[in-house]
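What follows is a short report on a single structure.
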Number of protein chains: 2
Amino acid sequence: MTNIAPIIHKTRTQLVVEALRERILSGEIKGGEPLRQSAIAEQLNVSRIPVREALVQLEAEGLVNFEPHKGATAIALSVEQVTELFQLRALIEADLLARAIPNLKPADFEEAENVLEQLESAFKQQHSIASWSELNTQFHNCLYKAANRPHTLDVVDGLNTNCDRYIRLQLLLTGGIPIAEREHRSLLSLCKQGNIPAATELLQNHILGALTAIKALVIQQLK
Amino acid sequence: MTNIAPIIHKTRTQLVVEALRERILSGEIKGGEPLRQSAIAEQLNVSRIPVREALVQLEAEGLVNFEPHKGATAIALSVEQVTELFQLRALIEADLLARAIPNLKPADFEEAENVLEQLESAFKQQHSIASWSELNTQFHNCLYKAANRPHTLDVVDGLNTNCDRYIRLQLLLTGGIPIAEREHRSLLSLCKQGNIPAATELLQNHILGALTAIKALVIQQLK
DNA sequence: ATGAATTAAAAAATTAACAATATTACGCTT
DNA sequence: AAGCGTAATATTGTTAATTTTTTAATTCAT
């Protein structure tokens, strides 16, 4: 079952979306920073229409604020807002996992292991944080997808892109990755055992633990 | 504190969004129906650019599917998908309500009562289903907002617009409104009592009961 | 006939020019 | 000098025309 990579013809809008999203998530564009349509259009060698469409799309993702006639700014998240996002993730993801566990098949475990190995090698090889982050959500989604809840998964993915800036920050500045990897392993083994209460509790601690680390980081930076 | 209505300068894009959203939610545009950019542009007397921007916005709302180079279609929801949406609502809204109840102030109860009265008169005066639906979410949000979870509330609102087509269907074709109103009254009084477990349980039954009614309706229509 | 290749038509994506709106800077009045 | 109004500028919103892509219809070979 070799997945042939489809020839993807990306539209300009999609290219702009990806470029801007990455810049916002990486911190290159800071919260509150205005996003001038013409400047972006010039930088990326496109006209302003695809830029505008990209901006409304990013607004929907919660990464950008787009006010009529005033223009777009990158969204700045307060500690309270980040807290809210993580707690909502904990609620929904625990529910997803509980629904998924009874349906998990050996193939799913294999896939999860596979992603975990990629994650570990990505870390060792000093890969970019961006790809670590992507693999991380891939691991989680791979467990959740057995829940057969496509829309819920979409919501979770949306929350994740919003959290991503802070997750990256934490991974970069603290020793977050080894902890996460240990927890991933335990989570996977609890899933294999079909131990729903233990698995969901670990997952919640996994998510809320990251939140605590991020909070500590932010408070420290403010000093 | 007379709220002066702000002079709103609606952009064409916003007008198109509202027009299309209403047509989809009312059922005038059916699921799966293609949305031709030029046709819409002509009908609404705008150029195609605002139409395109409206379509990407509606895609983000989950009302429209927008495939590159192929165009947009209204989203068709299966029974399974509607079930998922309602169950996710039940999960999140119960959490919101539980967090809100300890913070509810007399002013909130007053506002809620107010909305309830409007709801009842809207029903008696045979107002449009659209306005009933809007007041309905207003009532719920008025209880939830004390939870201080703006982003979560956004997610819930998003889920609600997706459910709206089916809620309207149910209200139109069954005697759903009196039941909903009775449940609203009980819910409000449980909130006043500060009885969190009873309130959240009632809320979940309120939401999942509507789901059951809708399912019955859909199955009946298929016969 | 069946199926691949080519062409014609339709629709979407993009651009560049134009109109409307908001922000800023400046001068005026008090 | 502070506050208000007006003009200049920058930025956004919109349109109409152009380019690109997809879909279908047609042709040609097997």
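Basis for what follows: all heavy atoms, side chains included, without hydrogens, waters or symmetry-related copies. Letters A, B, ... mirror the listed sequences (proteins, then strands); counts begin at 1.
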Worksheet item: If only side-chain N and O atoms of R36(B) are considered, is one of them under 4.0 Å from the OP1 or OP2 phosphate oxygen of dA10(C)?
Response: no
Fill in: Side-chain N,O (T11(A)) to OP1/OP2 (dA12(C)) below 4.0 Å
no
Worksheet entry | Close side-chain approach of L143(A) and L96(A), heavy atoms under 4.5 Å | no
In whole angstroms, how far is the [atom2] atom of [N] from the [atom1] atom of [X]?
X: I49(B); N: dA17(D); atom1: CD1; atom2: C1'; value: 11 Å
X: L55(A); N: dT14(D); atom1: CG; atom2: P; value: 15 Å
X: E67(A); N: dT21(C); atom1: CD; atom2: P; value: 17 Å
X: F66(B); N: dA11(C); atom1: CZ; atom2: C1'; value: 11 Å
X: E53(B); N: dG13(D); atom1: CD; atom2: P; value: 8 Å
X: Q14(A); N: dT20(D); atom1: CD; atom2: P; value: 18 Å
X: H69(A); N: dA22(C); atom1: NE2; atom2: C1'; value: 9 Å
X: Q57(B); N: dG13(D); atom1: CD; atom2: C1'; value: 14 Å

Item to complete: Using a heavy-atom cut-off of under 4.0 Å over every strand shown, decide if R52(B) touches base, sugar-phosphate, or nothing.
Response: base
Worksheet entry | Proximity to the side chain of Q37(B) - top-ranked nucleotide from dT14(D), dT12(D), dA12(C) | dA12(C)
Practice prompt. Take atom CD of E22(A) as the centre, draw a 6.0 Å sphere, and report whether it contains more than 12 heavy atoms from other residues, nucleotides or ligands.
Written response: yes
Practice prompt. Check whether any side-chain N or O of Q170(B) sits under 3.5 Å from a backbone N or O of A213(B) as a donor-acceptor pair, and report yes or no.
Written response: no
Discussion item. Any side-chain to backbone donor/acceptor pair from Y144(A) onto V156(A)? Under 3.5 Å, distance only.
Written reply: no
Worksheet entry | Pairing of E33(B) and R23(B) as salt bridge, 4.0 angstrom limit | no
Worksheet item: In terms of the nearest nucleotide of DNA chain C, which residue is placed more toward the 5' end: K70(A) or P50(A)?
Response: P50(A)
Fill in: Side chain R48(B) and base dA13(C) donor-acceptor under 3.5 Å
yes
